[in-house]
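All values reported here derive from a predicted model rather than from experimental measurement.
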Amino acid sequence: MLLVGLTGNIGSGKSTVARLLSEHGATVIDADILARRAVELGTPGYEQIVARWGKEVVSVDGQLDRAALRRLVFADQEQLEELNAIVHPEVEHLRDRLIHDARIRGDRIVVCDIPLLFEKKMTERFDCIILVDAPRPLRLERLVRDRALPETEAMDMIAVQMPAELKRARADFVIDNDGTLVHLADRVNETWDALVQEAETREAAVVS
C-alpha cells in the first residue's frame with residue numbers, strides 16, 4: 001500500500017485536490033472530518049473543550065460552535081496549542097485505525113489529508129508528500145469569498161501556519177492551484193499517474 005500525505009495551507013484548495021484524487025480511486029482519510037468526530041457531543045474531546053472555554057463555544061443544539069471556538073483560538077497561539085493538544089491525539093488514533101482498515105482491505109493508494117502535516121513533523125510517516133499551494137493573496141481572497149470570513153480572521157488563520165515556501169522544498173509533489181478547476185484537474189491527473197507508477201514499482205519489488 002502506498003501511503004500518501006496530502007497537505008496545503010488554508011485556502012490552497014487541498015480539499016478539492018483530495019476530492020479529485022478520490023475520484024481517481026484513492027482512499028482518502030480527511031483530518032478535518034476526523035477532527036469533527038473527535039469533538040462530537042459526548043466525546044472526551046468535547047468535554048475537555050467545554051471545560052476549558054465554557055458555554056460560549058456551545059451552540060443552541062448542544063454541539064460545539066466551531067466558528068466561535070475558531071475566533072477565540074486563532075488569534076492566540078497559546079490557546080490554539082491548547083486546543084490542538086486536546087484534538088490531535090484523538091484524530092491520530094482515528095486515522096491510525098482507518099489506515100489499518102485500508103491495509104487489511106488491500107487498498108492500493110491511501111491519501112491522508114492533513115493540514116498541519118509539516119507543522120506536526122509527520123512527514124516521515126508517509127511514503128510521499130503532496131503539497132497543494134496557491135499565492136497568499138489568492139488564499140486570502142478565497143477564505144473571505146468562499147467561507148464568508150472577515151478579512152482579519154482569515155489573515156489570522158493564514159498567519160499561524162508555516163509559510164508554504166518552506167514546505168515546497170520538502171514535498172515530493174507540488175500542485176499549484178492558481179488557475180481554473182480544469183488546470184487543477186490536469187495537474188492532479190499528472191500527480192495521480194506518478195502515484196500509480198510508484199505503487200506499481202513497490203508492488204513489483206515485493207513480488208521479486
Quiz item: Between Thr7 and Lys120, is a side chain to side chain contact (heavy atoms under 4.5 Å, CB included) present by the stated rule, with each step listed?
Solution: CA-CA 12 Å; Thr7 193; Lys120 295 300 176 183; over 6 Å; no
Quiz item: How far apart are the C-alpha atoms of Val17 and Thr191, what are their side-chain angles, what is the distance that settles it, and do they pass the side chain to side chain contact (heavy atoms under 4.5 Å, CB included) test?
Solution: CA-CA 10 Å; Val17 170; Thr191 303; over 6 Å; no
Considering only heavy atoms from C-beta outward, does the side chain of [X] approach that of [Y] to under 4.5 Å?
X      : Y      : answer
Ile129 : Leu6   : no
Leu69  : Ile49  : yes
Asp193 : Leu195 : no
Asp127 : Glu198 : no
Leu166 : Phe118 : no
Val91  : Arg95  : yes
Thr16  : Leu181 : yes
Arg108 : Leu2   : no

Is there a donor-acceptor contact under 3.5 Å from the side chain of [X] to the main chain of [Y]?
X     : Y      : answer
Asn9  : Met162 : yes
Ser22 : Ala18  : no
Asp76 : Glu78  : yes

Can you see which heavy atom on [X] is nearest to which on [Y], and at what distance?
X      : Y      : result
Ala154 : Leu140 : CB-CD1, 3.6 Å
Gln161 : Pro115 : NE2-O, 4.1 Å
Thr43  : Ala38  : OG1-O, 3.1 Å
Asp107 : Arg105 : OD2-NH2, 2.6 Å
Asp172 : Cys128 : OD2-CA, 3.1 Å
Ala102 : Val110 : CB-CG2, 3.7 Å

I'd like to know if [X] pairs up with [Y] as an ion pair, taking the criterion as any Lys NZ or Arg NE/NH1/NH2 lying under 4.0 Å from an Asp or Glu carboxylate oxygen.
X      : Y      : result
Arg37  : Glu90  : no
Lys167 : Asp133 : no
Arg125 : Glu92  : yes
Arg187 : Asp178 : yes
Arg136 : Glu165 : no

Does one hydrophobic cluster hold both [X] and [Y], with members joined at side-chain heavy-atom distances below 4.5 Å?
X      : Y      : answer
Val87  : Leu116 : no
Val132 : Ile109 : yes
Val188 : Val174 : no
Val144 : Ile10  : yes
Val196 : Phe126 : no

Nearest 0.5 Å, please: how far is [atom2] in [Y] from [atom1] in [X]?
X      : Y      : atom1 : atom2 : result
Ile33  : Leu94  : CD1   : CG    : 11.5 Å
Leu21  : Ile130 : CG    : CD1   : 5.5 Å
Arg36  : Arg66  : CZ    : CZ    : 5.5 Å
Ser12  : Ile175 : OG    : CD1   : 10.0 Å
Leu34  : Asp113 : CG    : CG    : 9.5 Å
Met122 : Ile114 : CE    : CD1   : 3.5 Å

Quiz item: Using a distance-only test with no angle check, is there a side-chain donor-acceptor pair under 3.5 angstrom linking His24 and Asn189?
Solution: yes
Quiz item: Do Glu40 and Tyr46 pass the side chain to side chain contact (heavy atoms under 4.5 Å, CB included) test, and can you show the C-alpha distance, the side-chain angles, and the key distance before you say yes or no?
Solution: CA-CA 6 Å; Glu40 286 177 345; Tyr46 174 94; over 6 Å; no
Self-check item: More than 12 heavy atoms from other groups under 6.0 Å of CD on Glu151
Solution: no
Quiz item: Are there more than 12 heavy atoms of other residues, nucleotides or ligands under 6.0 Å from atom CE of Met1?
Solution: yes
Quiz item: Knowing that exactly one of Val73, Val58, Asp65, Leu64 qualifies, which makes a side-chain contact (heavy atoms from CB on, under 4.5 Å) with Trp53?
Solution: Val73
Self-check item: side-chain hydrogen bond (donor to acceptor under 3.5 Å, both in side chains) partner of Glu82, the single match among Gln48, Arg52, Gln77
Solution: Arg52
Practice problem: Please report the C-alpha distance between Val4 and Cys112 in whole Å, then the side-chain angles of each, then the deciding distance to 0.1 Å, and finally whether the side chain to side chain contact (heavy atoms under 4.5 Å, CB included) criterion is met. | Solution: CA-CA 6 Å; Val4 181; Cys112 293; over 6 Å; no
